[in-house]
Structure formats: C-alpha cells, structure tokens
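Keep in mind that what you see is a predicted model, and the values were worked out from it rather than measured.
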Amino acid sequence: MKIKSFLLSLGCVLFLVSCNKENKTEKVDYVLFSGTVKNAVENEIKIYGDGNNFGQTIVIKEDGTFSDTLKIDTKGTYGFIIGQERSSIYLDFGNQLNLSIDVKEFDESIKYTGAGSDENNYLAEKLLLQESFLSEGPEGYKNLFSKDAKEFKNEALKQEQAKNELLKKFTNINPEFVSIQTSDNHYEYLSMINDFKGNHAYYTKKTGYKTPEGFLDELTSFDIDNSKDFESSQAYRRLVMSVFDRISSEKADADNIPFDKAQMESLSKIKSKNIRNILIKNIAYQVSPRNDNAVELYKMIMAASDDEEFKSELTQQFEKVKQLVKGNESPVFNNYENFAGGTTSLNDLKGKYVYIDVWATWCGPCKAEIPHLKKIEKEFHNKNIEFVSISIDKKAQHDAWKKMVTEKELGGIQLFADNNWSSQFIVDYGIQGIPRFILIDPNGKIVSASAPRPSDAKLLDVFKELKI
C-alpha cells in the first residue's frame, strides 16, 4: 500500500473513532463495502433492499475489485446481485465489510472479513446448509414433501435446529442478530408447515388431501399483520404471503368464489399499510390474459389501493390485457437470432399454429419444463404446429444459451430475443415472469396469451380441441 493512501485511510479511521468518542449520539448511517470478484460476467454489483426502496449499483473494476459507501436508512438483511446470481447480505450502521467471491463457484466461495463479517459469513453458510437439505435438487424437494405429515414436520424441525446450531459457530456475532435469525429460522420452519398441504398433494397426486388434525396448530396464533417484522424480515414477509394465500384458498373453497376475489376479501382484514400494499401488488399479477375475472379484479384493486403510481402502472397493464384476448392480432417479433442460423420473425411461421415458450437459462422452472416440451414436440412432429423457444437471457449470457441448447439437445425453433426483458414482443405481451407460454393460430391471431405449460395435461386438451 502506498504511504499516502495508508495515511489517508488511517486518518479516516481515527476520525471515525474520535467522532464516536466525542459525540456518542452521532448516528453513522452508512456501510463501507469493498471486495474482490473473480470471473465476473458483468462489471457491476447491485445492492437492493428487500422490503424497502434501497438500491445501489457498484462498478467492478477490471482487476475485479470494488469499493463504495452504502447509505442505509435501516439495518437488516439486504441482497446483492452479480450477473444472474444473488445472495443475502446483512448491513449494520458503521460496518466495514470486505467480500471475496468467485462467480463460477458463487455460493460456495462467499467469504467476508471486517466489521460485520460474522453475521454475513453466517448467512453465507446458512444458505449452503439449506442447499444441503435438498442436495438432490428438485428430486430432493419432491422427496421431502412426499413424506407423511409427521415425518415431514420432524424433518422441518431438524432443519430449524441445525440453522440455530450454526449460529453458535460465530463468536463475534451481534446478539441482536442472533435473536433476529432465530426468529427467522422459526418463520422458515412455519413456512414449510404452511406449504406442506399443497406441495404434498401435488407430488403424491392426492387430490383433496387434508393434513392431520392439529398439524397447523403452530400457525393458529401467528400474527399476519405485524408491520415492523414485515419491514425488517424477509422470512416473515414470505410467511405472511404464504399464509395469506392459504387462508384465501380456504375461503375460496368454502364460499365457492374465485381465488382472487377471496384474496381481496381477506385483504380487508389487514390493517398495516405496508403489508396491504405488497399483498395488493401480488394480487395484481392476476390481472392477466389467463384470468377470466381480470376486469372485475382490476376494478376491485383500483378501489382498494391508494398508491396512485401503482394504479397508473396497473392501468397500463390492464390496457395490454384487453389487447391480448383470444382472436386479436398477436404482437410480433422480428429478426430474432435463430440457433440454427440466420434470423426468424413471427410472420415467417404463418400458416401453422405457433406454441411459444419464453424462457431463460437461469430460470429453474423453465428448465423443469424442458423434458415435457421435448415429449410434446416429438408427439406433434410434422403436425400443423411449430414449437418456438425464445430466450430472454442478457447478451452476456449468449454463450450460455448456445451451450444449453446444444447440451440439452433442445428441439423446435430456438431463438434469442433482441433485448431480454425489454424486447418489444415481451413488453407487448406484458410478460413479468417466466416461463410463459403463448399459442398463436395460423393467421397470426391469439389463441391464448397464457397457454398451459407442457407439463399441464390441459395443453393436450387445447391441441385436441383445435384439431392440431
């Protein structure tokens, strides 16, 4: 280190120390965050708040180093993104964190030093611990939720205990952080219990499955309306949204009403403004072409929300929904790169039905549909239909796209969108989440702006009805 730089750094440290000694009431409202990133695909690291509006982008230099000051309003768990990878980070006032990470071994390589490192190394190791619980990937998830209720609850409890034991490994950890994480670990346990019924029914094919009496007793006293925890705890937020959906689903069944209407009726019991706003925004995703109740739902949300910016955005979304009804002309894409060579436009495919899969290489649910899509492509080979897969990967992931198409031997017409999420075709169809499937008729008109997935048996029913 150069002497000048060292003296400047030392001066800054002494300044901070002296200020704290002379004025103990002065509040430090920032975190010094630096580090080294190996094998970065993109030259920036994005820090974002989960539950607040914090957002900051830090440039990663050519040598892989980065450094910046994060001015935060509240301490707590935030997130950071490098390329398509992301992880959690705990930020507390006055922390001086240094991160070392290799993007090729993202989760496994995360290491922190400096003030606040114990808290963050815990979060990094906790993530690896959680991954170890499901080391078999999707199959492990299926095996876990296929267990009987008693065995599943015991396994969920073991996971909570293991995460609490991991806390004891770190000797310099903040006691307040320990308390928060212990609560979060319990919220995560309750989330597993809350989600068991639906997942178990799905994986075991037990239609109408009901959990044993008393299985959900631990959730009876759960407060779904805690504004403070909702603001500060990601685990609590996830649990609230999960419990809210379960309660709404039970209400929909009991009252024989649409799920989204049941959600809006359940919403009336939530008093906390921040919780209401997030729940309303989640419900608003159902203002889509796939929802026959979209018009009524739009009106209900507009009446319930006092967020004028959100209502304006929802109105724009609703106008697109009206344009995407069955029988309307489909939005088009032009000159998308074709993996097989050259470019392809939607109009090139007129004369046949077109089943479009919008996906990306980083999207787990998208990749889960691949075996089902390949099976349907084979079944309908040489029929009056083209199968088109459009990747919305960023340009930096172009090689990853070509590699996956080759390695997984993807069939059909494989295209690369011209501007990822901002591609006009994606914007025109109002796509905010993937995978998304679209069905267009031989004349270029919409059959379904949100068609069934390849894994859904209803897709074959649609094909049969159209006599494809």
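Taking a cutoff of 4.0 Å between a charged side-chain nitrogen and a carboxylate oxygen, Glu250 and Arg246 qualify as a salt bridge. Under a 4.0 Å N-O distance rule, the pair Glu119/Lys75 does not qualify as a salt bridge. Taking the charged nitrogens against the carboxylate oxygens, Lys46 and Glu44 do have a contact shorter than 4.0 Å, which makes a salt bridge. A salt bridge links Glu265 to Lys251: at least one charged side-chain nitrogen sits closer than 4.0 Å to a carboxylate oxygen. Taking 4.0 Å as the cut-off between side-chain N and carboxylate O, Lys374 and Glu369 do not count as a salt-bridged pair. A salt bridge between Lys38 and Glu105 is absent, with no side-chain N of the basic residue lying under 4.0 Å from a carboxylate O of the acidic one.
Annotation: cation-pi geometry not satisfied between Lys104 and Phe106 (NZ/CZ under 6.0 angstrom from ring centroid, within 45° of ring axis). Annotation: cation-pi geometry not satisfied between Lys126 and Tyr122 (NZ/CZ under 6.0 angstrom from ring centroid, within 45° of ring axis).
Enclosure of atom CD in Glu319 by more than 12 non-hydrogen atoms of other residues, nucleotides or ligands within 6.0 angstrom is indicated. Residue Lys375 places its NZ atom among 12 or fewer non-hydrogen atoms of other residues, nucleotides or ligands, all under 6.0 Å distant. With a 6.0 Å radius and a threshold of 12 heavy atoms from other residues, nucleotides or ligands, Asn256 has its CG atom at or below the threshold. Annotation: Lys311, atom NZ; neighbour count of heavy atoms from other residues, nucleotides and ligands within 6.0 Å is above 12. Atom NE2 of His398 sits in a crowded spot, with more than 12 heavy atoms from other residues, nucleotides or ligands closer than 6.0 Å.
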| field | Steps toward salt bridge (Lys or Arg N to Asp or Glu O under 4.0 Å) verdict (Glu465, Lys458) | value | CA-CA 11 Å; Glu465 183 179 338; Lys458 292 179 182 178; over 6 Å; no
| said: Applying side chain to side chain contact (heavy atoms under 4.5 Å, CB included) to Gln130 and Lys163, what does each step give before you reach the verdict? | reply: CA-CA 8 Å; Gln130 289 172 311; Lys163 287 182 280 190; 3.7 Å; yes
| query | Stepwise, does the side chain to side chain contact (heavy atoms under 4.5 Å, CB included) test hold for Ile440 with Ile438? | reply | CA-CA 7 Å; Ile440 301 168; Ile438 299 165; 4.0 Å; yes
| said: Show, in sequence, the C-alpha distance, side-chain angles and deciding distance for Glu42 and Lys395, and conclude whether the salt bridge (Lys or Arg N to Asp or Glu O under 4.0 Å) test is met. | reply: CA-CA 10 Å; Glu42 299 184 14; Lys395 290 182 180 179; over 6 Å; no
| task | Evaluate the criterion side chain to side chain contact (heavy atoms under 4.5 Å, CB included) for residue pair Lys464 and Leu460; output intermediate values, then yes/no. | result | CA-CA 6 Å; Lys464 185 181 295 184; Leu460 292 178; over 6 Å; no
| task | Check the pair Phe244 / Ser266 against side chain to side chain contact (heavy atoms under 4.5 Å, CB included), numbers first and verdict last. | result | CA-CA 8 Å; Phe244 179 79; Ser266 299; 3.6 Å; yes
| Residue pair Asn334, Gln424: steps toward the side chain to side chain donor-acceptor pair (under 3.5 Å) verdict | CA-CA 9 Å; Asn334 292 301; Gln424 195 60 49; over 6 Å; no
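Side chain of Arg237 to main chain of Ile278: no donor-acceptor pair is present (N/O by atom type, distance under 3.5 Å, no hydrogens or angles). Put simply, the side chain of Asn291 gets close to the backbone of Gln286: a donor and an acceptor are under 3.5 Å apart. Under a 3.5 Å cut-off, the side chain of Asp148 and the backbone N or O of Glu151 do form a donor-acceptor pair. In this structure, the side chain of Asn199 engages the main chain of Asp195 through a donor-acceptor pair within 3.5 Å. No donor-acceptor pair under 3.5 Å is formed between the side chain of Thr343 and the backbone N or O of Asn335. Ser232 contributes a side-chain N or O that, together with a main-chain N or O of Lys228, makes up a donor-acceptor pair within less than 3.5 Å. When atom types are taken as modelled, the side chain of Asp441 and the backbone of Gly444 share a donor-acceptor pair closer than 3.5 angstrom. Side-chain atoms of Lys367 come within 3.5 Å of backbone atoms of Thr361 as a donor-acceptor pair (strictly under, hydrogens ignored). The backbone N or O of Thr406 sits nowhere less than 3.5 Å from a side-chain atom of Glu409 that would complete a donor-acceptor pair. Put simply, the side chain of Tyr236 gets close to the backbone of Asn226: a donor and an acceptor are under 3.5 Å apart.
At a threshold of 4.5 Å between non-hydrogen side-chain atoms, the residues Arg276 and Asp307 do not count as touching. Residues Asn277 and Asn274 have side chains not in contact (no heavy-atom distance under 4.5 Å, counting atoms from C-beta outward). Leu70 places a side-chain heavy atom less than 4.5 Å from the side chain of Ile58. At least one side-chain heavy atom of Ile356 sits under 4.5 Å from a side-chain heavy atom of Phe333. Side chains of Ile72 and Tyr78 form a contact here, defined as non-hydrogen atoms less than 4.5 Å apart. Between Asp357 and Val388, the closest side-chain pair of non-hydrogen atoms is not below 4.5 Å. Lys445 places none of its side-chain heavy atoms less than 4.5 Å from the side chain of Ser330. Annotation: side chain of Leu267 is in contact with side chain of Ile280 (closest heavy-atom distance under 4.5 Å).
Classification of the Tyr141-Phe145 ring pair by plane angle, with boundaries at 30° and 60°, yields tilted. The aromatic rings of Phe196 and Tyr209 stand perpendicular to each other, their planes meeting at an angle above 60°, with 30° marking the opposite boundary. Using cut-offs of 30° and 60° for the angle between ring planes, the Trp421 and Trp362 rings count as tilted.
To the nearest 0.5 Å, atom CD of residue Glu231 and atom CD1 of residue Ile275 are 9.5 Å apart. To the nearest 0.5 angstrom, Phe318 atom CZ is 9.5 Å from Leu297 atom CG. Taken from CG in Leu144 to CD in Gln159, the straight-line distance is 6.0 Å, to the nearest 0.5 Å. Met302 contributes atom CE, which lies 6.0 Å from atom CG of Leu314 (distance to the nearest 0.5 angstrom). The CD1 atom of Ile468 sits 7.5 Å away from atom CG of Asn384, with the distance rounded to the nearest 0.5 Å.
Here the two rings, on Phe416 and Phe339, have centers that are 6.0 Å apart or farther. Proximity of the aromatic rings of His200 and Phe152 is defined here by a centroid distance below 6.0 angstrom, and this criterion is not met. In this structure, Phe80 has its ring center no closer than 6.0 Å to that of Tyr48. Annotation: Tyr90 is in aromatic contact with Phe177 [ring centroid separation under 6.0 Å].
Across Ser288 and Ala294, no two heavy atoms sit closer than the pair O-CB, 3.8 Å. Contact record, Ser389 with Gln414: CB-OE1, 3.4 Å, taken as the closest heavy-atom pair.
Checked by atom type, the side-chain pair Gln84/Asp393 shows no donor-acceptor distance below 3.5 Å. For Ser450 and Tyr429, the side-chain atoms include no donor-acceptor pair closer than 3.5 Å. Using modelled atom types, one finds a donor on one side chain and an acceptor on the other under 3.5 Å when comparing Glu218 with Tyr189. Residues Thr344 and Asn338 bring a donor and an acceptor atom of their side chains to less than 3.5 Å of each other. Judged purely by distance below 3.5 Å, without hydrogens or angles, the side chains of Asp229 and Tyr187 pair a donor atom with an acceptor atom.
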